[in-house]
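One structure below.
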Amino acid sequence: MRILTLTMVAVMGLFGSVTAQNTVVDIAVGSKDHSTLVAAVKAADLVGTLQSAGPFTVFAPVNAAFDKLPAGTVSNLLKPENKATLAKVLTYHVVAGNLDAAAVIKAVKDGKGKAVVKTVAGNSLTVTLKDGKVTLTDENGGLATVVAADLKAGNGVIHVIDTVVLPK
């Protein structure tokens with residue numbers, strides 16, 4: 001979550017430059033727009049994993065994305081007894097490898113309009129282009145749009161999204 005937060009901030013020009021030595025977590029921690037994501041990454045004990053060598057491609061939802069979830073969803077997921085479910089939701093936003101925007105768009109074009117990527121959670125996301133923007137469709141038909149791309153970290157790349165994607 002920290003990684004996603006810092007990524008959005010970097011793109012929005014709210015802070016200085018992000019260096020490649022920062023991890024995806026470091027980037028998210030520095031972003032006020034990703035405080036919910038950061039709290040969730042901590043609650044799920046994923047900080048160490050997301051600070052490892054990777055590389056990771058993280059689709060980082062902004063705080064407003066979490067606000068779209070039904071009332072009480074986030075507070076319920078942050079409870080210690082729901083740690084495994086929270087970890088599954090968060091790792092559904094992570095793909096192994098370093099997929100920058102150019103690689104994502106190439107995969108969609110090579111796939112004749114769509115690409116299916118396997119997430120670290122073991123589920124799939126379908127990537128398409130809609131009105132020139134990269135969109136993700138989760139296994140439930142939910143749709144998220146990439147609003148900021150290619151926030152580079154030392155262990156991967158972050159793409160900021162406007163909606164939380166959910167596995168089945």
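Positions are given from 1, in the same order as the sequence printed here. All values reported here derive from a predicted model rather than from experimental measurement.
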For the residue pair [X] and [Y], what are the closest heavy atoms and their distance?
X	Y	result
Val157	Leu99	CG1-O, 3.5 Å
Gly72	Ser75	O-OG, 3.2 Å
Pro55	Gly156	CB-CA, 4.4 Å
Val127	Val134	CG1-CG1, 3.6 Å

Enclosure of Lys114 NZ (heavy-atom neighbours >12, cutoff 6.0 Å):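 12 or below, so no.
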Please test Val94 against Leu90 for side chain to side chain contact (heavy atoms under 4.5 Å, CB included), starting from the C-alpha separation and ending with a verdict. CA-CA 7 Å; Val94 181; Leu90 293 175; over 6 Å; no
Okay, side chain of [X], backbone of [Y]: is any donor-acceptor separation there less than 3.5 Å?
X	Y	answer
Thr119	Asn123	yes
Asn155	Ser52	yes
His93	Val164	no
Asn82	Asn76	yes
Asp100	Ala103	yes

Rounded to the nearest 0.5 Å, how far does [atom2] of [Y] lie from [atom1] of [X]?
X	Y	atom1	atom2	answer
Thr85	Leu77	OG1	CG	7.0 Å
Lys130	Thr137	NZ	OG1	9.0 Å
Lys83	Leu46	NZ	CG	8.5 Å
Phe56	Thr23	CZ	OG1	9.5 Å
Asp67	Thr73	CG	OG1	11.0 Å
Ser124	Tyr92	OG	OH	7.0 Å

Check the pair Val120 / Val95 against side chain to side chain contact (heavy atoms under 4.5 Å, CB included), numbers first and verdict last. CA-CA 5 Å; Val120 172; Val95 175; 5.9 Å; no
Would you please test Lys168 and Asp138 for salt bridge (Lys or Arg N to Asp or Glu O under 4.0 Å) and show each step? CA-CA 8 Å; Lys168 278 194 174 184; Asp138 66 23; over 6 Å; no
Does the side chain to side chain contact (heavy atoms under 4.5 Å, CB included) test come out yes or no for Leu166 and Leu69, once each step is laid out? CA-CA 10 Å; Leu166 298 168; Leu69 295 172; 4.2 Å; yes
Check: Thr128/Thr135 side-chain N/O donor and acceptor closer than 3.5 Å: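 Note: Thr128 and Thr135 side chains meet the donor-acceptor criterion.
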Could you tell me whether the side chains of Asn63 and Ser35 share a donor-acceptor contact shorter than 3.5 Å?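 On atom types as modelled, these side chains qualify, holding a pair under 3.5 Å.
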Between Val108 and Leu143, is there a shared hydrophobic cluster once you connect ILVMFWY residues whose side-chain heavy atoms come closer than 4.5 Å?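 Unlinked, Val108 and Leu143 end up in two clusters.
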Sequence neighbours excluded, which residues qualify as side chain to side chain contact (heavy atoms under 4.5 Å, CB included) partners of Thr163?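 Expected list: Lys68, Ala144.
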Test item: Val146 and Val160 side chains (from C-beta on) under 4.5 Å apart, heavy atoms: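 SC-SC contact between Val146 and Val160 ruled out.
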Going through the distances and angles, do Val74 and Thr36 end up as a side chain to side chain contact (heavy atoms under 4.5 Å, CB included)? CA-CA 8 Å; Val74 173; Thr36 303; 4.0 Å; yes
Looking at His159 versus Phe59, is the centre-to-centre ring distance below 6.0 Å?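 Yes - the distance between ring centres of His159 and Phe59 falls below the 6.0 Å cut-off.
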